[in-house]
Amino acid sequence: MKHILIIGAGFAGMYAALSAARLRNEQGVSPDTLAITVVAPEPRLVIRPRLYERAPETMVAPILELFDAVDVRYEQGKVDVIDSAQKSVEIVGSDGMRRSLSYDRLVLAVGSQGFKPDIPGLAKYGFSVDQLEDAIALDHHLNSLANRLSSATRDTVVVAGGGFTGIEVATEMPSRLRAILGAEANIRVFIVDRNEVIASAMGSDPRPLIEQALREAGVETRLGVGISALDENSATLSDGQSIESATVIWAAGMRANPLTAQIPAECDRSGRLVVDRNLRVAEVPTIFAAGDTAYALTDELGHRALMSCQHSNRLGASAGFNVTADLLDVPLEPYQQKNYVTCLDLGPSDAVFTRGWDAKVELSGDKAKAMKREINTQWIYPPRANREDAFKAAEWARLVDY
Ligand SMILES: Cc1cc2nc3c(=O)[nH]c(=O)nc-3n(C[C@H](O)[C@H](O)[C@H](O)COP(=O)(O)OP(=O)(O)OC[C@H]3O[C@@H](n4cnc5c(N)ncnc54)[C@H](O)[C@@H]3O)c2cc1C
């Protein structure tokens, strides 16, 4: 029996499993001849793009039934050692017990983590919406503010980072805080960013709309400065200013999961494994990478996949197809993703949808908001737990452009 092991049950891991199972089925190969296993700490997809919303504990979707429907095995636990020479991994279970599992092909799909630099007070007092537990901790903290007396410290939120995530967090905060603190509170929300402009990576076309949305939501910006220190009650900026706030949310910078460093291969500056067009790690041909752990070309023009669901879904589906093809002597199919779109949430009734690497605005206002709702409540959720829907979704994720 051959064995495909997928580490991670996020967007990339889930689609890798479905796509691998689809090709195995298409080739008439039984699960006893080619086994597919996903290992992850919990059998659920965390909907990370929604972690800035209220009730983050609800932003999860079960995937066990889905995996059962396509004969994918699930192993609970966290991989902490990858031995690529022996083709085996070590897994630590929730009970602390260690076990090892060997593989013929591995798909590494362990995602990314927010990067917190070594700023005094950040590790202790900074919040984030990066992982589910971070978002839940922030939600508890925000709810607990209702028990404090009104003050600038209580009523002010500072978001560090004016990129995609920072903007979504900041524009959501006024209404979230209003619901907790009531109409009387003097709510202030700041975005602090070292860049001189907001959304610096998004290009100039959507910027006026974003700036207008920030103004309308009452979000203030402090640009060209960074946070140099924070404590329980304030953030100090690099220009010496101080903002009184009990809530500093760090939303600047992502790094690939540190497990990528265990593979003896080249990584980019974010720690992502450099992969070829088939998503294989050149130095270790039995390993493929997908999602936020892969540094992959999307087209012939030199664009690279970003740390996003849009790229993770297709990277996962492509990697799943190719590991299976590799073991079944089927031709591999290069990963391609020519179209690139973004849909940026801008608060309760606004969003902006862009198309292309130069981010041309295609929709704004309530039309873009309707699209964002559809993306966030339907498109990024797992397919229904039956073979037909699962296999269709896997091929759609692998081949269909937006
Ligand atoms: C607040 C926020 C908003 C975002 N908004 C958007 C957006 O609007 N649009 C967009 O496209 N993208 C957005 N993203 C980015 C998107 O969520 C990520 O790019 C995407 O989740 C990456 O998918 P992935 O499968 O690579 O990793 P993840 O979704 O992070 O999944 C990683 C998986 O690996 C598992 N894992 C981790 N370590 C181990 C281990 N040691 N052993 C076993 N399993 C392990 C995890 O439990 C998880 O199952 C947002 C992210 C955040 C945080």
Side-chain angles (χ1 to χ4, degrees), residues 5-17 37-53 56 59-61 63 74-82 89-94 101 106-115 127-135 138 159 161 163-170 172 249-260 262 270 272-273 289-294 296 305-317 319-320 337 340-346 351-354 371-372 375-376 379-380 397 402:
L5 180 62
I6 298 164
I7 315 180
F11 297 94
M14 178 184 75
Y15 275 110
T37 304
V38 173
V39 54
E42 299 292 340
R44 65 187 183 195
L45 177 71
V46 175
I47 311 295
R48 284 178 77 194
R50 296 190 65 181
L51 291 181
Y52 60 89
E53 294 183 40
M59 303 304 171
V60 292
I63 48 173
Y74 167 72
E75 283 266 343
Q76 187 150 36
K78 212 168 166 179
V79 170
D80 67 349
V81 176
I82 301 173
V89 302
E90 280 186 38
I91 304 171
V92 185
S94 49
L101 209 56
L106 179 73
V107 178
L108 191 64
V110 280
S112 57
Q113 299 172 353
F115 171 69
F127 292 93
S128 86
V129 290
D130 179 45
Q131 306 293 326
L132 183 62
E133 53 279 15
D134 302 327
L138 171 65
V159 178
F164 207 97
T165 303
I167 292 169
E168 291 196 329
V169 175
E172 183 80 0
I249 305 171
W250 197 261
M254 301 290 279
R255 294 284 186 277
N257 187 303
L259 267 188
T260 56
Q262 294 194 21
S270 306
R272 295 182 295 175
L273 285 159
D292 287 0
T293 58
L306 301 175
M307 290 185 178
S308 72
C309 285
Q310 180 180 166
H311 289 113
S312 295
N313 286 347
R314 175 150 313 174
L315 285 162
Q337 194 156 13
Y340 172 57
V341 297
T342 67
C343 198
L344 177 68
D345 208 353
L346 293 171
V352 59
F353 177 80
T354 70
M371 175 167 282
K372 183 72 179 180
I375 293 170
N376 272 6
W379 293 12
I380 59 176
Y402 301 107

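Every number for a ligand or one of its atoms is a count from 1 in the order of the listing.
By the 3.5 Å distance cut-off applied to N or O atoms, N257 is counted among the residues near ligand 1. Between T165 and ligand 1, a contact under 3.5 Å exists for no N or O pair. At least one N or O atom of F11 sits closer than 3.5 Å to an N or O atom of ligand 1. In terms of N/O distances under 3.5 Å, ligand 1 is approached by S308. By the 3.5 Å distance cut-off applied to N or O atoms, R48 is counted among the residues near ligand 1. At under 3.5 Å, not a single nitrogen or oxygen of Y52, backbone or side chain, sits near a nitrogen or oxygen of ligand 1.
The contact set between ligand 1 and V129, taken as ligand atoms under 4.0 Å from a residue heavy atom, comprises 1 (C), 53 (C). Atoms of ligand 1 found under 4.0 Å from any heavy atom of G291 (numbered from 1 in listed order, with element): 26 (O). Atoms of ligand 1 lying under 4.0 Å from at least one heavy atom of V79, given by number and element, are 40 (C), 41 (N), 42 (N), 43 (C). Counting the atoms of ligand 1 from 1 in the order shown, those under 4.0 Å from a heavy atom of K372 are 8 (O). When each atom of ligand 1 is checked for a heavy atom of Q310 under 4.0 Å away, the hits are 11 (O). Residue-ligand proximity, A109 to ligand 1, at heavy-atom distances under 4.0 Å covers atoms 32 (C), 33 (C), 34 (O). The distance from ligand 1 to the heavy atoms of A12 drops below 4.0 Å at these ligand atoms: 25 (O). Near V39, meaning under 4.0 Å from any of its heavy atoms, are these atoms of ligand 1: 43 (C), 44 (N).
The shortest side-chain heavy-atom distance between P258 and Q113 falls under the 4.5 Å cut-off.
Not counting sequence neighbours, Y52 has no partner by the ring pair (Phe, Tyr, Trp, His ring centres under 6.0 Å) test.
Considering every non-hydrogen atom in both T165 and A251, the closest pair reads CG2-CB, 4.2 Å. In terms of heavy-atom proximity, A9 sits nearest to I63 at CB-CD1, 3.6 Å. Across every non-hydrogen atom of L138 and S128, the tightest pair is CB-O, 4.1 Å.
Looking only at protein heavy atoms, the nearest one to atom 10 (C) of ligand 1 is C309 N, 3.4 Å. In terms of protein heavy-atom proximity, atom 44 (N) of ligand 1 is closest to P41 CD, 3.4 Å. With hydrogens left out, the protein atom closest to atom 15 (C) of ligand 1 is M307 O, 4.0 Å, a heavy atom. The shortest contact between atom 18 (C) of ligand 1 and any protein heavy atom is with D292 OD2, 3.4 Å. Counting only heavy atoms of the protein, atom 23 (O) of ligand 1 lies nearest to S312 OG, 3.3 Å. Among all protein heavy atoms, the one lying closest to atom 43 (C) of ligand 1 is I7 CG2, 3.5 Å. For atom 31 (O) of ligand 1, the closest non-hydrogen atom of the protein is G10 CA, 3.3 Å.
Atom-to-atom distance recorded for Q262:CD and D80:CG is 7.5 Å, nearest 0.5 angstrom. L346 contributes atom CG, which lies 7.0 Å from atom CD1 of I167 (distance to the nearest 0.5 angstrom). Separating the OH atom in Y15 from the CZ atom in R314 is a distance of 11.0 Å, to the nearest 0.5 Å. Note that CD1 of I380 and OG of S312 are 11.0 Å apart. Values are rounded to the nearest 0.5 Å. Once rounded to the nearest 0.5 Å, the distance linking CZ of F11 with CG of L315 reads 13.5 Å. Once rounded to the nearest 0.5 Å, the distance linking NZ of K78 with CD of E42 reads 11.0 Å.
With distances taken over non-hydrogen atoms, the option nearest atom 45 (C) of ligand 1 out of L51, D345, V89, V110 is V110. Here the shortest heavy-atom distance to atom 27 (O) of ligand 1, taken over A256, G111, G8, C343, belongs to G111. Selection from P49, A9, G166 by nearest heavy atom to atom 50 (C) of ligand 1 gives P49.
Between the side chain of W250 and the backbone N or O of G161, no donor-acceptor pair lies under 3.5 Å. A donor-acceptor contact shorter than 3.5 Å is absent between the side chain of E172 and the backbone of E53.
Of the candidates I7, V39, V81, V39 is the only one forming a side-chain contact (heavy atoms from CB on, under 4.5 Å) with I91.
Within the structure, ligand 1 lacks Q76 among the residues with a heavy atom less than 4.0 angstrom away.
Protein non-hydrogen atoms do reach within 4.0 Å of atom 25 (O) of ligand 1.
Side-chain contact annotation: S112 with R48, donor-acceptor N/O pair under 3.5 Å present.
Contact annotation: for L259 versus ligand 1, heavy atoms closer than 4.0 Å belong to the side chain alone.
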